[in-house]
Colleague: 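What follows is a single structure, and I will ask about it in a moment.
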There are 2 protein chains.
Amino acid sequence: MAQPIRFRQAASPLKASCQQCSLSNLCLPLAIEENDLGRLEEIVQQGRIYNRGEHIFDQSTPFRSCFAVKSGSVKTSIITEGGEEQVTGFFMPGELVGLDSMSGESYACTAKALERTSVCEFPIDKLEELTGKLPDLQHHMFRLMGQEIQNSHQLALLLSKNTAEERIASLLLSLSSRFQRRRMSPTNFSLPMARNDIANFLGLAVETVSRVFTRFQNQGIIHARGREVELLDVEALQLVTREFSRQSCQQ
Amino acid sequence: MAQPIRFRQAASPLKASCQQCSLSNLCLPLAIEENDLGRLEEIVQQGRIYNRGEHIFDQSTPFRSCFAVKSGSVKTSIITEGGEEQVTGFFMPGELVGLDSMSGESYACTAKALERTSVCEFPIDKLEELTGKLPDLQHHMFRLMGQEIQNSHQLALLLSKNTAEERIASLLLSLSSRFQRRRMSPTNFSLPMARNDIANFLGLAVETVSRVFTRFQNQGIIHARGREVELLDVEALQLVTREFSRQSCQQ
DNA sequence: CATCCAAATTGATGCAAATCAAATTGCTAC
DNA sequence: GTAGCAATTTGATTTGCATCAATTTGGATG
């Protein structure tokens with residue numbers, strides 16, 4: 001408590017120290033015993049800092065590493081031959097980006113910093129070598145990848161069955177709980193992404209996102225000004241996400 | 001060639017033999033050297049045969065095993081609290097079902113046999129133990145899981161950006177190429193799933209699926225009678241899946 | 001501070017697909 | 001065969017959201 005949190009977050013710029021990182025209870029170290037942590041530190045590379053809009057990696061370039069977000073946030077998206085973009089995820093500190101690329105020799109998506117963002121880099125060959133030696137780390141990687149599959153199944157569910165309001169309420173609640181796990185306010189936060197990204201991610205037009213935001217605001221459920229969002233009535237939001245199912249049951 | 005294929009497909013009912021399985025170039029053995037195959041056979045269990053509609057595992061029950069489809073086909077789906085179903089995938093012989101459940105202690109979805117189906121069972125603790133010893137197998141598991149993530153990202157893309165015709169054309173082409181890889185006709189096959197499952201998977205109403213099928217039929221692109229489908233003009237189908245992007249580019 | 005461009009909002013209109021309704025086909029079983 | 005039920009098809013109508021169009025706001029830059 002006496003120790004300022006800032007100190008633990010900012011690691012030395014040259015070598016990453018997982019032991020002193022404040023995210024060790026969210027990130028890969030979570031799975032590793034104290035005395036094996038050094039082996040993870042041996043392979044992790046202190047990534048550079050990316051400014052808003054900079055690419056961390058690009059779709060179709062050789063797949064070399066997975067990246068853990070250290071601070072800031074990241075958006076991943078796939079680009080089709082026709083040039084349309086589909087946002088596939090938003091990543092917060094402690095989350096691992098690039099797992100979908102484990103299936104091939106090149107990145108399956110593009111990762112872009114949504115704000116000033118720093119990352120840790122895990123070269124994939126070294127990481128796989130280490131997971132072969134540390135069963136707990138291997139297990140954790142399987143867990144993370146399984147979770148990633150589930151996440152996108154949930155997204156598919158949202159896209160195929162839910163209304164615009166339900167999709168946006170779900171996203172807000174998801175962000176809320178992820179902020180909370182990071183010791184930040186679950187009701188008062190600043191969206192890392194633009195309305196455009198939200199719309200693309202949720203399969204909506206920007207205009208629709210905008211309209212739903214103002215509708216929620218008029219109903220007193222949220223207060224939004226630009227990217228600053230305050231959740232005024234979390235229960236109402238949760239209710240919105242279940243509206244559809246409730247209606248089906250009433251019949 | 002002289003050896004009948006049927007012989008190699010039907011393994012002994014008591015013990016699974018990966019070496020003699022005709023799917024060894026699709027399934028897990030694909031990743032394993034000849035002399036390590038025995039170790040996989042040690043942990044694989046010959047699953048029972050499921051009739052159409054029977055559950056192979058159920059969402060929220062304890063996660064014990066992944067299953068490789070040996071013959072027949074499987075549908076996975078998640079059920080929400082509200083009771084709505086979202087089909088998350090269809091699995092053909094050689095494909096591994098249950099990877100999304102690796103993230104927790106219970107199955108993340110329900111797996112149902114779409115027809116008379118036999119499977120091989122891989123107890124997850126044994127499998128993880130083995131992947132720790134065989135780097136190639138571990139690498140292959142990572143590949144499979146990464147591919148699974150990509151698949152559902154593609155599904156999300158389909159759901160959020162494509163029209164009903166495009167979604168159905170994509171599904172037909174996906175099935176076609178998967179049949180082809182299994183040495184079956186890519187243009188003449190029998191759909192393992194009902195219209196209802198197709199609709200649910202693609203985020204459409206059954207009626208819409210039906211209408212698109214007849215529209216394709218009237219255009220001479222396919223010939224469909226019940227579950228029997230013949231692709232008469234594959235190029236036209238491919239064109240349909242790219243219609244959207246082409247229009248965007250013309251502007 | 002003024003300028004410029006991108007992002008966000010608000011309003012009007014059109015359309016693809018959902019929903020509602022009904023007929024037809026195809027199984028399964030007796 | 002035929003009774004009965006589920007799956008599929010076809011038609012009519014409705015609707016949520018996209019699209020088009022026009023402001024307004026906000027952030028970056030000189």
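Note on naming: letters A, B, ... go to the chains in the order of the sequence lines (proteins, then strands), and numbering restarts at 1 for each one.
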Colleague: Give a yes or no answer on whether the side chain of B:R195 reaches the backbone of B:G226 with a donor-acceptor pair at less than 3.5 Å.
Modeller: yes
Colleague: Give one of base, sugar-phosphate or nothing for A:R52, where a contact means two heavy atoms less than 4.0 Å apart.
Modeller: nothing
Colleague: What is the distance, rounded to the nearest whole Å, between atom CG of A:N196 and atom C1' of D:dG26?
Modeller: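 Taking atom C1' of D:dG26 as the reference, CG of A:N196 is at 15 Å.
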Colleague: Output the rounded distance in Å from CZ (A:R167) to C1' (D:dA18).
Modeller: 12 Å
Colleague: Would A:N51 and A:R116 count as a side chain to side chain donor-acceptor pair (under 3.5 Å) here? Give the steps.
Modeller: CA-CA 4 Å; A:N51 285 317; A:R116 205 172 159 75; 2.5 Å; yes
Colleague: Tell me whether the NZ or CZ atom of A:R48 lies within the 45° cone about the ring axis of A:Y50 and under 6.0 Å from its centre.
Modeller: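 Ring-cation test returns yes.
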Colleague: In whole angstrom, give the distance that lies between atom CG of B:N200 and atom C1' of C:dA18.
Modeller: 15 Å
Colleague: Fit a plane to each ring of A:F57 and A:Y107, take the angle between them on a 0 to 90° scale, and name the class: parallel (under 30°), tilted (30 to 60°) or perpendicular (over 60°).
Modeller: parallel
Colleague: Starting at CD1 of A:I168 and ending at C1' of C:dA8, how long is that distance when rounded to a whole Å?
Modeller: 13 Å
Colleague: If we ignore angles and hydrogens, is there a donor and acceptor under 3.5 Å between the side chains of A:T88 and A:T76?
Modeller: yes
Colleague: When you look at CZ of B:R227, are more than 12 heavy atoms from neighbouring residues, nucleotides or ligands closer to it than 6.0 Å?
Modeller: yes
Colleague: Please determine, for the side chain of B:R195, which listed nucleotide (D:dC17, D:dT9, C:dA8) has the closest atom?
Modeller: D:dT9
Colleague: In this structure, how many angstroms lie between the C1' atom of D:dG27 and the CZ atom of A:R227, rounded?
Modeller: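 In whole Å, D:dG27 C1' lies 11 Å from A:R227 CZ.
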Colleague: Within this structure, what is the CG-to-P distance between A:L204 and C:dT9, rounded to whole angstrom?
Modeller: 14 Å
Colleague: Looking at residues 207-218 of chain A, who's got a heavy atom less than 4.0 Å off DNA chain C?
Modeller: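 Listed by number, they are A:E207, A:S210, A:R211, A:T214.
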Colleague: For B:E166 and C:dA17, give me the distance from atom CD to atom C1', rounded to whole Å.
Modeller: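 Checked: the CD to C1' distance equals 13 Å.
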Colleague: Ignoring hydrogens and angles, tell me if any N or O in the side chain of B:E228 forms a donor-acceptor pair with the backbone of B:R225 under 3.5 Å.
Modeller: no
Colleague: Tell me: CG of B:L202 to P of C:dA18, nearest whole Å?
Modeller: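 Whole-Å distance recorded here is 11 Å.
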Colleague: Where the side chain of A:R225 is defined as all heavy atoms beyond and including C-beta, which of C:dA8, C:dA17, D:dG26 is the nearest nucleotide?
Modeller: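 Looking only at side-chain atoms, A:R225 lies closest to D:dG26.
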